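Below is one structure, written out as structure tokens; comments come after it.
Every number for a ligand or one of its atoms is a count from 1 in the order of the listing. Values in this document were obtained by computation on a predicted structure and should not be read as measured data.
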Amino acid sequence: MPNIDWKNLGFAYIKTPYRYISDYKDGRWDEGRLSEDDKVVITECAGVLQYSQSVFEGLKAYRTKDGRIVTFRADLNAERMVNSAKKLEIPPFPAERFLEAVDMTVKANEDYVPPYGTGATLYIRPYVFGSNAVIGVKPADEYQFRLFVTPVGPYFKGGAVPITLRVCDLDRAAPHGTGNIKAGLNYAMSLQAIVEAHRLGFDENMYLDAAQRKYVEETGGANFIFVKEDGTIVTPLSDSILPSITRRSICYVAEHYLGLKVEHRPVPFEEVPTFAECGVCGTAAVISPVGAINDHGNIIKFPSGMDKPGKITQKLYETLCGIQYGEIEAPEGWIREIK
Ligand SMILES: *Cc1c(COP(=O)(O)O)cnc(C)c1O
């Protein structure tokens, strides 16, 4: 077993022994392999380095209460990566091979799957990039798919504390652009905004739709979940939002486990002050409760306050985590055991 203090693990890269690699050349993906070599060697003119032709995914492996190792809805990550790749003219890595690569790499690094009860998990990072020389603007001819894993600590040590957002004047994604795919280029776009938000004392940015600045989009890396006073869940609908698997799962759990109504529709920013609770969701944190949103000095405070998550946010968080850790029965097909 590696010598890791699981309970005090943060969210930083820790090298593990094995990663999965497959190369695309002459119009086909090769059979793939595990490797102990963490270094990527590519030409200085690689497509990814010049024109950012690259997409990625993020998911986790969990150690359940009864000691099994499982992934959560990994088929949706595989499918989403196919969609992301198509949009950047990258040959998709087949979904069933994606799942095999996850299983093989997690299994090979089994000792790095944190024990149940520590709140730590094994983060899985698949990605594809254009690897041959490209200088005139066009898609690469060769690609590499890689998948590494790294243990990460609980996102919130000592409980989820509500965060404060600010409404951002920069845009994350254009209408009809790449906002709905998981591409590093969207994150490069958001760095200036996030650095500025932190400098001003905010935790994250709330982006509004780029065309009209009228509707809520998402933060740089998490989707919004709002709760109405009557308990109805509302999540923004837009073509430039990344389809979060956590958000889709939370909506299912709200409806089928908690008996709540769910609305997936455009959410005007004007409506935000009427909500009782707010959270942002993604694989890393599940749900981060939002306590306040600063719109150019006009502060929206949610009734749930700045000390703890709102009641429904908390319930959704506990139910989803319970499913991931095998404490609550999962819907058919959500959990994939790695043997
Ligand atoms: C990955 C990501 C999310 C969260 O998606 P999950 O599937 O829930 O992890 C939200 N927004 C953006 C921009 C993302 O890249």
Checklist entry - Does a salt bridge link Arg336 with Asp103, judged by any charged N lying under 4.0 Å from a carboxylate O? => result yes
Checklist entry - Hey, are Glu57 and Arg125 close enough for a salt bridge, meaning a charged N less than 4.0 Å from a carboxylate O? => result no
Item to check | Remaining members of the apolar cluster that contains Tyr123, side-chain heavy atoms under 4.5 Å | outcome: Phe11, Val152
Next on the checklist: Going by salt bridge (Lys or Arg N to Asp or Glu O under 4.0 Å), name the residues that satisfy it together with Glu204, two or more places apart in sequence or in a different chain.
Outcome noted: none
Checklist entry - By side chain to side chain donor-acceptor pair (under 3.5 Å), which residues pair with Glu263, not counting sequence neighbours? => result Lys228, Arg265
Checklist entry - Given side chains that start at C-beta, do those of Ile312 and Leu260 come closer than 4.5 Å, heavy atoms only? => result yes
List, pair by pair, the atoms of ligand 1 and of the protein that are both N or O and lie under 3.5 Å apart, giving the separation rounded to 0.1 Å.
unit_1   : atom_1 : unit_2 : atom_2 : d
ligand 1 : 7 (O)  : Arg80  : NH1    : 2.9
ligand 1 : 7 (O)  : Arg80  : NH2    : 3.1
ligand 1 : 7 (O)  : Ile245 : N      : 2.9
ligand 1 : 8 (O)  : Ser244 : OG     : 2.6
ligand 1 : 8 (O)  : Ile245 : N      : 3.3
ligand 1 : 8 (O)  : Thr246 : N      : 3.0
ligand 1 : 8 (O)  : Thr246 : OG1    : 2.6
ligand 1 : 9 (O)  : Thr283 : N      : 2.9
ligand 1 : 9 (O)  : Thr283 : OG1    : 2.6
ligand 1 : 11 (N) : Glu218 : OE1    : 2.6
ligand 1 : 11 (N) : Ala222 : N      : 3.4
ligand 1 : 15 (O) : Lys182 : NZ     : 2.7
ligand 1 : 15 (O) : Tyr187 : OH     : 2.5

